[in-house]
2 protein chains.
Amino acid sequence: MEDYQLCPKFENAFELLGKRWTGLIVHVLLTGPKRFKDISVLIPSMSDRMLSERFKELEAAEIIVRHVYPETPVRIEYELTAKGKGLKPVMDELQKWADSH
Amino acid sequence: MEDYQLCPKFENAFELLGKRWTGLIVHVLLTGPKRFKDISVLIPSMSDRMLSERFKELEAAEIIVRHVYPETPVRIEYELTAKGKGLKPVMDELQKWADSH
DNA sequence: ATAATATACTAACATAAAGTAAGTAATTAA
DNA sequence: TTAATTACTTACTTTATGTTAGTATATTAT
């Protein structure tokens, strides 16, 4: 009858990262702001439809911000927020793990 | 025409962790070996079908081992391998992030 | 002895998420 | 004028996940 639960914050974290593409998008954005096209080129196996959907989710979760630069032609960039950048240590540790196993 | 790619090891890592439930299962197993039922109780929103499927994937990826103890009744436990335990720093960093955001 | 409960699953089917292909609108380049 | 680029969206198919029920073996309760 022990019913200790998982930490809900941790569960929320995995509702994001436990979705396909999300981690890779964040990883790429850790190298700096990027345009839609940049990411679709860097992750060619992901479709535009998915990228568009993930961007919306990450924006809603306040992990990225969408910047519109009213140049001609207009330029749109996606950038990590402080919260998004906070995932760097996670990604770094995962990279270490991936390298060593 | 720049075509630097993502690290394939990193991509592989996210093929696992970028699936629903995988991260939570690993997280729970970091507290020690567990039986099927233990985990299904700790993660009640996950169905048995998914747990069964994830166990097979994690075993195939050599992140967990399945131990069969021929007692009566038989006891089956799932335990992290060294590779699986290696994910602890990743999970720890994610916990920190989850707590601070 | 029979029924109920427990564990560790599997099978069948429904729904949700992701993949695929094509299209759109605004702009610029050839 | 036609083609190309960017940042998407739409419609449709396939795959993943959810839901419910069931199986096999064993133990416990009545």
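These numbers come from a predicted model, not from an experiment. Any value given below was found using the heavy atoms of this structure, including those in side chains, with hydrogens, waters and symmetry copies removed. Here is how names work: the chains are called A, B, and so on, in the same order as the sequence lines, proteins then strands, and each is numbered from 1.
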For this session: Figure out the CZ/C1' separation between A:R20 and C:dA18, and round it to whole Å.
Result: 8 Å
Exercise. What's the CE-P distance between A:M46 and C:dA17, to the nearest Å?
Worked result: 18 Å
Seminar exercise, completed: Assign each of B:E77 and A:W21 the nucleotide of DNA chain C bearing its closest heavy atom; nearer the 5' end lies the nucleotide of B:E77
Exercise. Under 4.5 Å between any side-chain heavy atoms of B:F55 and B:I39, yes or no?
Worked result: yes
For this session: Please determine if B:E53 and B:R49 form a salt bridge, counting it only when a charged side-chain N lies under 4.0 Å from a carboxylate O.
Result: yes
For this session: Applying salt bridge (Lys or Arg N to Asp or Glu O under 4.0 Å), run through A:E59 and A:K56 and close with a yes or a no.
Result: CA-CA 5 Å; A:E59 217 189 330; A:K56 281 173 193 158; over 6 Å; no
Problem set entry | Sidechain-backbone polar pair: A:W97 side chain, B:G84 backbone, donor-acceptor under 3.5 Å | no
Seminar exercise, completed: Atom CD1 of A:I43 and atom C1' of C:dA18 are separated, to the nearest Å, by 15 Å
Exercise. Quick one: does A:T81's side chain have a donor or acceptor within less than 3.5 Å of a partner on A:E62's backbone?
Worked result: yes
Exercise. Within this structure, what is the CD1-to-C1' distance between B:I39 and C:dT7, rounded to whole angstrom?
Worked result: 14 Å
Exercise. Can you tell if the side chain of A:I76 reaches within under 4.5 Å of the side chain of A:R66, non-hydrogen atoms only?
Worked result: yes
For this session: Using chain A heavy atoms and a threshold of under 4.0 Å, write down where along DNA chain D the contacts begin and end, 5' to 3'.
Result: D:dT6 to D:dA11
For this session: Please list residues of residues 48-60 of chain A whose heavy atoms come under 4.0 Å from any atom in DNA chain C, ordered by number; otherwise none.
Result: A:R49, A:M50, A:E53, A:R54
Exercise. Does a side-chain N or O from A:S47 land closer than 4.0 Å to OP1 or OP2 of C:dA21, or not?
Worked result: no
Exercise. Stepwise, does the salt bridge (Lys or Arg N to Asp or Glu O under 4.0 Å) test hold for A:K96 with A:D92?
Worked result: CA-CA 6 Å; A:K96 280 189 215 166; A:D92 288 348; over 6 Å; no
For this session: Determine, for A:K9 against A:E11, whether the closest basic-nitrogen to carboxylate-oxygen distance falls under 4.0 angstrom.
Result: no
Exercise. Has B:R35 got a side-chain N or O lying under 4.0 Å from the OP1 or OP2 atom of C:dA8?
Worked result: yes
Problem set entry | Touch class at under 4.0 angstrom, heavy-atom based, for B:S40 against every strand present | nothing
Exercise. What integer distance in Å separates B:R66:CZ from C:dA8:P?
Worked result: 9 Å
Problem set entry | Check ion pair B:K19-B:E57 (N to O, under 4.0 angstrom) | yes
Exercise. Once you round it to whole Å, what is the distance between P of C:dA6 and CD1 of B:I76?
Worked result: 18 Å
